[in-house]
Every structure is written in C-alpha cells, then in structure tokens.
Amino acid sequence: MAEQIKNPNPQTDSGIEIKRVYTSCNPMQDMPGKFPFTRGVQQDMYRSKLWTMRQYAGFSTAEESNKRYHYLLKQGTTGLSVAFDLPTQIGYDSDHTLAEGEVGKSGVAIDSLRDMEALFDGIRLEEITTSMTINATAAILLSMYIALAKRQGADLKKISGTIQNDILKEYAARGTYIYPPKPSMRIITDIFDYCSREVPKWNTISVSGYHIREAGSTAVQELAFTLADGKAYLKAAMAAGLDINVFARRISFFFNAHNNFFEEVAKFRAARRMWATITKELGATDERAMMLRFHTQTGGSTLTAQQPQNNIIRVTLQAMSAVLGGTQSLHTNGFDEALSLPTENAARIALRSQQIIAYESGATQTVDPLGGSYFVETLTDEVEAAAWEYIKKIDEMGGAVAAIEAGFIQNEIANAAYRYQSQVQNGEKIIVGVNRFQVEEPAFDDLLSIDDNIRKLQIQKLQQLKSERNNDNVQQSLAALKTAAQDNTNLIPFIITCVEHYATLGEISDTLRSVFGEYR
C-alpha cells in the first residue's frame, strides 16, 4: 500500500513554509482533486499519501520469483508487479512445444493455481496491492489470484490490485493476443461485470500506453491511442449494459516515462483532462468515474547496453517526470535491463531512486509543482490539442478497433519509430554513450541468467499436478466453461471453478480457443 504521510506543515530546509497548492490570481481555476483534474486526482496528492512504489519482477519459477518479492518488500517496495513469461501470456503451458526456449525467460512461468500459490507464499493478499502485466490470459490469472485469496481466507471486497487486460494494444503494438477482437472484448466486459460485484477494489483494466511507446510511438501518439482504446472499452462495457459510473472507477492507465522531461509531465497532465472530458461526454456523472488514475514505468526502450550505469540517471529523470505529472504508482527500471533481467542490486538501486525522490527531493510537498509554468501549461495544451486530432481521426474511422483493423495505428507507430531511429543514426538525436561520448569499456558481466532447465522443472510439476488432481472434476469444469462461452454467459465464475480444480492455464485457454478461434 502507498505510505501515508504525517507531516501536515512541510517547510524547506531554510524554514520556508510550503503551501498545499500554488495558484494564479483565480484560486478556483483548475484545482487539484476537481474536474477536469489537470493538476491531480487528489486534493493533497503526495502531501498525504505517496504513490505506490512497485518493482516489476518475475522470472524463472514461481519459487524463485517469490524470493525476489520478499526481498523487494524488505527493501521498502509498497506494491508488487508481476511479469509473466511468454507462454503464460499467450495461453500455453510450459510443456507445449511452442513454449520451448521461453519458459521463465521474460517473466515467471505460471501453469496452474499451484504455481500461483508458490508465487505468493508467505504474502497476505489483503495486505499488498498486486499489478499483473497480463492481457490475453488476464481472466485466468485474475481467477487464480481470486482463488488463492479465498484459500487465504481473505475478504474479496478488500483485495486490491490491477490486471493490465488491455487487448487492443496487443493487436496494435505488442502481439501477445490469442482470440479475435470481438470475443476478446467480451472477456474484458465479463471481467468488468464480475469484479464490480465481487472484487470492487480491483482495477479491472490498465489501459496501456506503455507498450505503444515501447513500439516507437511519440508521446502524443501514446496519449491519443491509449485514450482511444480506453474509449472503446467504455463503449463496449456500456453496450453490455454496465453503468459507466460504476465500472469506470476501476479503469486505470499505464503510461511510459521517456527522456523528454517536460513533454512527459505535460502528457500526464493532458491525459487527466482528456479522460475527464471523454467520460463526461459518454454520460458519466460521478467525478470518481471521470478521474484518470495511472501507473508509470520508466522507458525500457531508452535504456542502453553501452555504459549501462548511465541508465540510473535516465531512470531517475523519468521517475521525476512521473511524480511531477501526478502518477498513482511507479516502477523504475533496473540499469542493467538492456542486457538482462535486473539483478537484486539493480532492482534495489531502482527502488532507491523512487525513495530519494519521495523523501529527499521536496517534490512531494506541494501539489503539481510545475503548474503555472508558462512552458508546462502551454505544452500541456499543445500535447492535448495534437492528441485530440488523432482521436478525431480514429472516431471518424469507427473507433479504436476499426482503426487497428485498418492498420492505421500500427502504421503511425511504425513511421514514428522509423523517424526516431533515423535521427539517432544521423546524429540529430544524441544518445549519450551510444552515438556521442563513447568510451572503450569491458563487457558487463554482473548479469542475471535463467537456467535452461526451468522448462524441465515446470514439466515435472505439471505431470505431478495432473497425477494428483481429480481429473473428472477438471473435465467437468472445462465442459461447463465451454458451454458458458457458447451461451454468452459471464465466464469468470466458470474460470474460477476450473482453476480451483487445478485445470491448467493451457487447458482453459484451449477450451476458449475451441469456441472463439485464434486471431491471425
């Protein structure tokens, strides 16, 4: 959980009192905590409660990742963020032929509820918030988390966290989709519906600009395409009969923080204002449904393999832009991530960068410290105007799904990525240590490596699981899930039953594949 702050009257080191918020001549103009939330979604922001300090982690087996989570919790992280390996993301068990070479490499391998139990061993789910970067199989991983919470005796009304669950950006920028867009959107609205009733504190989708930016988009494109996707999710949920004033409160966003410091701050401020407008125009009347709450991760694509310690400076600047932009939670990348998954040392330094900003920089002592800056205010307006132009084009095409199917968003991202890479190659954009200020340096060898035998271990665990579980119960629960998929019944209760009987992620995904097909 984010730490509560107990210093109601902060001062500078010279004893100068710091006000809660600084305003222009019109003190009621655009105040924090008020529509359209340009200056923040809470009145006091970090004066009363810091952002959640998450560290994205997950590798190898559930048992190894669990050790890293306990380490991070001891170092002061206030929220967990789970990375899943590629087979888990696309609905294959570790023994599937397509999983070979990928098990435990880009994240943790989760094949069943038994792995989820090991992943959170010794961690009370009521006492921590958990973010899971998972999309096509989000319903399955959330069901495993809910099943584990029930086994711990947790009150489901109290567990909190986020699933990314943003399938549209997978079609546009990342590629870990399974089903075609229509059934994928149906699964998402099923999650909205179920969680609004049973797990009300859970953020049911984190609309992700992060991967759009990692694919090469500009800041304006990241903002526009993310909000266009968010608008599509709103419309899909409303078409399914859900109340925007209820489910929109549990929508969060996930943005990237890159190196252009002031543009990033402007992007975050513009995002809140634009989302407030979008939700209001679609019929929201509850201000809590109009608030854009977001997680930020520093830019993975900005990290360099050359002079990797330079990445500590990049990450710190990016993290500061997120804080000054009003983020609700933050992950800072390890400086070695251009070379491997982060070591414990790199993860600790990344977390310390957040803690130093929080406790030493003074950035948290007033709300929206850059508000009123001629440059930042003008840049916020200009970023917003440019993003609205994109959204207008997407709306004219019929919305985000139609724009993706037409290839518009993909082409815009690809063109931006090409322009940026060309500027780096011709020296127009300077990357310190890459195209300027290079040095001769020895190979960096303090890296985290993943044992190739992880797949064999996971296969052994799967074989043992299947020999110990009640396979009749598994088949009955999978058959009931298939019927629900065919009948357009909410899938989540059926998936929870499947995972509670220890059906595997691959078995559940294949059951849904048999009804929905695969997107190619």
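In this text, all values refer to a predicted model and were calculated from it rather than measured experimentally.
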Exercise for the section: Salt-bridge test for Arg151 and Glu117: reply yes if a basic N is under 4.0 Å from a carboxylate O, no otherwise. Expected result: yes
Practice task
Establish, yes or no, whether the cationic atom of Lys280 lies under 6.0 Å from the six-membered ring centre of Phe35 and within 45° of the ring axis.
Solution key: yes
Practice task
Find out whether Leu80 and Leu73 are in side-chain contact, i.e. whether some heavy atom of one side chain is under 4.5 Å from a heavy atom of the other.
Solution key: yes
Exercise for the section: Could you walk me through whether Thr298 and Asn333 pass side chain to side chain donor-acceptor pair (under 3.5 Å), step by step? Expected result: CA-CA 6 Å; Thr298 55; Asn333 290 330; 3.2 Å; yes
Exercise for the section: Say whether, by atom type as modelled, one donor and one acceptor occur between the side chain of Gln328 and the main chain of Gly326 under 3.5 angstrom. Expected result: yes
Exercise for the section: Nearest 0.5 Å please: distance from the OG atom of Ser217 over to the CG atom of Asn256. Expected result: 8.0 Å
Practice task
Answer whether the closest heavy-atom distance between the side chains of His331 and Ser131 falls below 4.5 Å.
Solution key: no
Practice task
Indicate yes or no: at least one non-hydrogen side-chain atom of Leu223 is less than 4.5 angstrom from one of Val383.
Solution key: yes
Exercise for the section: Look at the rings of Tyr46 and Trp51 and say which category their plane angle falls in: under 30° parallel, 30 to 60° tilted, over 60° perpendicular. Expected result: perpendicular
Exercise for the section: Mind checking the CD1-CD1 spacing from Ile134 to Ile140? Nearest 0.5 Å is all I need. Expected result: 8.5 Å
Exercise for the section: Kindly indicate, with the supporting measurements, whether the criterion salt bridge (Lys or Arg N to Asp or Glu O under 4.0 Å) is fulfilled by Arg213 and Glu264. Expected result: CA-CA 12 Å; Arg213 192 67 175 280; Glu264 295 303 295; 3.1 Å; yes
Fill in the blank from the handout: Interatomic distance, NZ@Lys482 vs CZ@Arg513, rounded to 0.5 Å, equals 14.0 Å
Problem - salt_bridge(Asp44, Lys49) N-O dist < 4.0 Å - result: no
Exercise for the section: Examine distances only and state if a side-chain atom of Glu214 and a backbone atom of Gly300 form a donor-acceptor pair shorter than 3.5 Å. Expected result: yes
Practice task
Taking salt bridge (charged side-chain N to carboxylate O under 4.0 Å, His left out) as the test, write out the residues that go with Lys150, two or more places apart.
Solution key: Glu500
Practice task
Check whether any side-chain N or O of Arg249 sits under 3.5 Å from a backbone N or O of Asn245 as a donor-acceptor pair, and report yes or no.
Solution key: yes
Handout entry: Side chains of Val367 and Arg20 in contact at under 4.5 Å (non-hydrogen atoms)
Key = yes
Exercise for the section: Dump the intermediate steps for ring pair (Phe, Tyr, Trp, His ring centres under 6.0 Å) on Tyr145 and Trp202, then the final yes or no. Expected result: CA-CA 11 Å; Tyr145 196 88; Trp202 194 267; 5.1 Å; yes
Exercise for the section: Would you check if Ile251 and Asn203 make a side-chain contact, meaning some heavy-atom pair closer than 4.5 Å? Expected result: no
Exercise for the section: Would you verify whether the NZ or CZ of Lys393 falls within 45 degrees of the ring axis of Tyr390 while also being under 6.0 Å from that six-membered ring's centre? Expected result: yes
Handout entry: Heavy-atom side-chain contact between Met45 and Thr364 under 4.5 Å
Key = no
Handout entry: Expected output: side-chain Glu126 to main-chain Asp155 donor-acceptor under 3.5 Å
Key = yes
Handout entry: Row check, Phe253 ring normal vs Arg293 NZ/CZ: under 6.0 Å, within 45°
Key = no
Exercise for the section: Return yes if some donor-acceptor pair links the side-chain N/O of Thr61 with the main-chain N/O of Glu64 below 3.5 Å, else return no. Expected result: yes
Handout entry: Ile495 to Ser143 - nearest heavy-atom pair and separation
Key = CG2-OG, 3.3 Å
Problem - Student check: side-chain heavy atoms of Asp93 and Pro87 closer than 4.5 Å - result: no
Handout entry: Carboxylate-amine/guanidinium contact Lys169 Asp229, below 4.0 Å
Key = no
Exercise for the section: Any ring-ring contact (aromatic ring centres under 6.0 Å, His included) involving residues 149-201? Give me the pairs, sequence neighbours left out, ordered by first then second residue. Expected result: Tyr171-Tyr177, Tyr171-Tyr519, Tyr177-Tyr519, Tyr179-Phe516, Phe192-Phe247
Practice task
For the residue pair Ser112 and Arg114, confirm or rule out a side-chain donor-acceptor distance under 3.5 Å.
Solution key: no
Practice task
Check whether any side-chain N or O of Gln221 sits under 3.5 Å from a backbone N or O of Thr226 as a donor-acceptor pair, and report yes or no.
Solution key: no
Practice task
Please lay out, stage by stage, how Asp30 and Thr38 fare under the test side chain to side chain donor-acceptor pair (under 3.5 Å).
Solution key: CA-CA 7 Å; Asp30 218 2; Thr38 311; 3.1 Å; yes
Handout entry: Verdict with reasoning, Thr296 to Thr327, per side chain to side chain donor-acceptor pair (under 3.5 Å)
Key = CA-CA 7 Å; Thr296 310; Thr327 194; 2.8 Å; yes
Problem - Contact summary for Ala138 and Ile163, nearest pair of heavy atoms - result: CB-CD1, 4.2 Å
Problem - Side-chain (Thr277) to main-chain (Arg273) donor-acceptor, under 3.5 angstrom - result: yes
Handout entry: Donor-acceptor pair, side chain of Asn66 and main chain of Asp121, under 3.5 angstrom
Key = yes
Practice task
Identify, with sequence neighbours excluded, every residue that meets ring-ring contact (aromatic ring centres under 6.0 Å, His included) alongside Phe294.
Solution key: Phe255, Phe268
Problem - Whether Asp85 side chain and Gly104 backbone form a donor-acceptor pair below 3.5 Å - result: yes
Exercise for the section: Please check if atom NZ in Lys34 has more than 12 non-hydrogen atoms from other residues, nucleotides or ligands closer than 6.0 Å. Expected result: no
Fill in the blank from the handout: Minimal heavy-atom distance between Ala136 and Gln89, with the atoms involved, is CB-O, 3.7 Å
Practice task
Carefully, step by step, assess Thr302 and Gln318 under the rule side chain to side chain donor-acceptor pair (under 3.5 Å).
Solution key: CA-CA 10 Å; Thr302 69; Gln318 292 164 7; 2.9 Å; yes
Completion exercise
Nearest heavy-atom contact between Ala154 and Ile159 is CB-CG2, 4.1 Å
Handout entry: Gap between atom OG1 of Thr130 and atom CG of Leu141 - 0.5 Å precision
Key = 11.5 Å
Problem - Non-hydrogen atoms of Ile492 and Asp190 that approach each other most closely - result: CG1-O, 3.8 Å
Problem - Atom pair CE (Met291) and CD (Gln42), whose distance is rounded to the nearest 0.5 Å - result: 7.0 Å
Exercise for the section: Hey, could you give me the CG/OG distance between Asn259 and Ser321, rounded to the nearest 0.5 Å? Expected result: 9.0 Å
Practice task
Decide yes or no for Arg54 and Thr129: does some side-chain heavy atom of the first lie under 4.5 Å from some side-chain heavy atom of the second?
Solution key: yes
Completion exercise
For Lys157 and Lys201, the nearest pair of non-hydrogen atoms, with its separation, is O-CD, 3.3 Å
